[in-house]
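Sequence lines set the chain letters: A, B, ... in the order given, protein chains first and strands last, and positions in each chain run from 1.
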Amino acid sequence: MRTLEEIQIGDNIGPEPLFLEKDRVRAYCNAAGLAGVPRFTDDELARKEGLPGMITPGNMSAALIGKLVTDWARPANARLIRLGTTYRSPVLPEHHLSLQGFVTQVDHGERTAELDIWIENEDGDRLVTATATVKFPPKA
Amino acid sequence: MATILDLHSHSEASEDSRAPVEAYLNWIKLRRRERPVNGIVLTEHRQWNAAGDYRELEDKYGIMILKATEAETDYGHMLVFGVNEDIAKRFDFANIRIPAQELIDEVARMGGVVVPCHPGRPTVGLCEHYASKPPLHNVVAVELLNGGSRRGEDERTAELVAKYGYRTTGGSDSHLVSLIGVCATRFEADIKDIEGLVRELKSGRYQPVDFRAPRKPVPRAVPEQTA
């Protein structure tokens with residue numbers, strides 16, 4: 001990524017293709033203390049809750065969006081200082097997803113950029129949407 | 001001259017949006033070639049933003065900003081255009097179970113118009129309510145194109161429209177800056193203010209327009225090897 005001075009409203013972030021295997025979701029659940037929540041780990045038990053199968057925890061979706069932002073910000077030594085997420089539809093493992101977004105606002109006084117980010121499925125449905133604020137270092 | 005308006009958007013005045021109005025206008029300016037809207041209607045959730053004054057922004061960007069509300073009723077969510085003092089006194093928009101038929105009839109009597117939005121959406125859309133309750137009377141139009149619809153929702157609305165013969169509108173339902181203007185309504189008439197919008201919504205001389213780019217296939221990720 002470039003410096004704040006080079007960033008423009010409308011710049012793309014991603015798209016980053018993403019394929020979440022069920023085992024990867026289960027590994028996240030083990031690490032995050034969610035192993036005992038069947039909707040995140042077991043298709044059959046998730047279906048008993050009325051879901052189409054096991055789903056990705058919201059925290060994992062937020063973490064993936066956060067990583068997209070921090071990967072974008074790191075080369076400029078910028079920091080993610082706020083992330084807000086909206087969960088519109090379950091993120092199902094074993095689907096071809098895409099993480100992407102745009103720069104929507106740039107504040108040179110505060111040295112921040114506002115981003116729109118989302119996770120999209122094969123149908124183009126935005127499953128999780130987010131806004132993020134990235135803080136850039138002072139001008140050299 | 002035709003007027004193209006995004007009839008459904010949420011600014012940071014709605015609790016689930018962080019989009020400043022000026023950022024919307026900036027985005028429209030940036031994407032005008034793809035989304036040639038002349039104006040937007042702010043339809044904040046469960047409230048009438050009487051104090052909001054956007055005239056300076058309108059002048060700065062040359063884009064019309066009108067105000068309405070998205071009300072919650074016993075038949076799902078509905079956009080209320082032409083809210084005035086009488087309507088604001090008559091209805092408590094914070095109430096999430098406003099009787100829909102009463103809202104439609106009373107708003108019309110007091111000079112406004114009600115348009116059910118995202119009818120095909122589960123729980124909050126008209127279609128699901130029509131499955132268990134009698135249809136509403138005096139529906140002028142419904143929102144056929146909603147920028148936030150998931151696959152199948154607008155198609156379900158199209159079936160409703162075919163069955164009941166409703167007129168149709170479009171709106172982005174944007175909660176994100178970058179989604180403003182993706183769907184809109186093209187009016188045959190020149191619209192300058194909210195009274196003109198209400199008049200034209202009742203006239204029927206309009207159609208929904210979809211400015212979304214054709215969906216590109218999601219790039220195929222290579223599944224990672226798990227240990």
Interchain contact, [X] with chain B, by part (heavy-atom threshold 4.5 Å):
X        : result
A:Glu114 : side chain
A:Ala27  : neither
A:Val103 : backbone

Applying side-chain contact (heavy atoms from CB on, under 4.5 Å) to A:Arg82 and B:Arg18, what does each step give before you reach the verdict? CA-CA 12 Å; A:Arg82 185 197 60 80; B:Arg18 275 184 55 88; 2.9 Å; yes
Between atom [atom1] of [X] and atom [atom2] of [Y], what is the distance when rounded to the nearest 0.5 Å?
X        : Y        : atom1 : atom2 : answer
B:His175 : A:Thr86  : NE2   : OG1   : 8.0 Å
B:Leu179 : A:Asp116 : CG    : CG    : 6.5 Å
B:Ile180 : A:Thr104 : CD1   : OG1   : 12.5 Å

For B:Arg151, does its backbone N or O pair with a side-chain atom of A:Asp125 as donor and acceptor, under 3.5 Å?
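Side chain of A:Asp125 to backbone of B:Arg151: a pair is present.
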A:Arg88 side chain vs B:Arg150 backbone, donor-acceptor pair below 3.5 Å: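 Answer holds: no.
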Side-chain heavy atoms of B:Val177 within contact of A:Gln105, under 4.5 Å
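They are in contact (side-chain heavy atoms under 4.5 Å apart), so the answer is yes.
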Are A:Ile9 and B:Asn26 side-chain neighbours, meaning at least one heavy-atom pair lies under 4.5 Å?
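Yes; the side chains approach each other to less than 4.5 Å.
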Practice prompt. Go through the structure and list residues passing salt bridge (charged side-chain N to carboxylate O under 4.0 Å, His left out) with B:Glu15, not counting sequence neighbours.
Written response: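 Listed in chain order: B:Arg46.
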Can you confirm whether [X] is buried at [atom1], in the sense that more than 12 heavy atoms of other residues, nucleotides or ligands lie under 6.0 Å from that atom?
X        : atom1 : value
A:Glu44  : CD    : no
B:Ile96  : CD1   : no
A:Glu110 : CD    : no

Q | Contacting region of B:Leu176 [heavy-atom separation from chain A under 4.5 Å] | A |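 The answer is both parts of B:Leu176.
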Could you pull out the closest heavy-atom pair between B:Ser178 and A:Phe102, with the gap in Å?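 Answer, listing the atom of B:Ser178 first, then A:Phe102: CB-CD1, 3.6 Å.
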Tabulate, in ascending numerical order, the residues of residues 62-81 of chain B having at least one heavy atom closer than 4.5 Å to a heavy atom of chain A, or enter 'none'.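 None at all.
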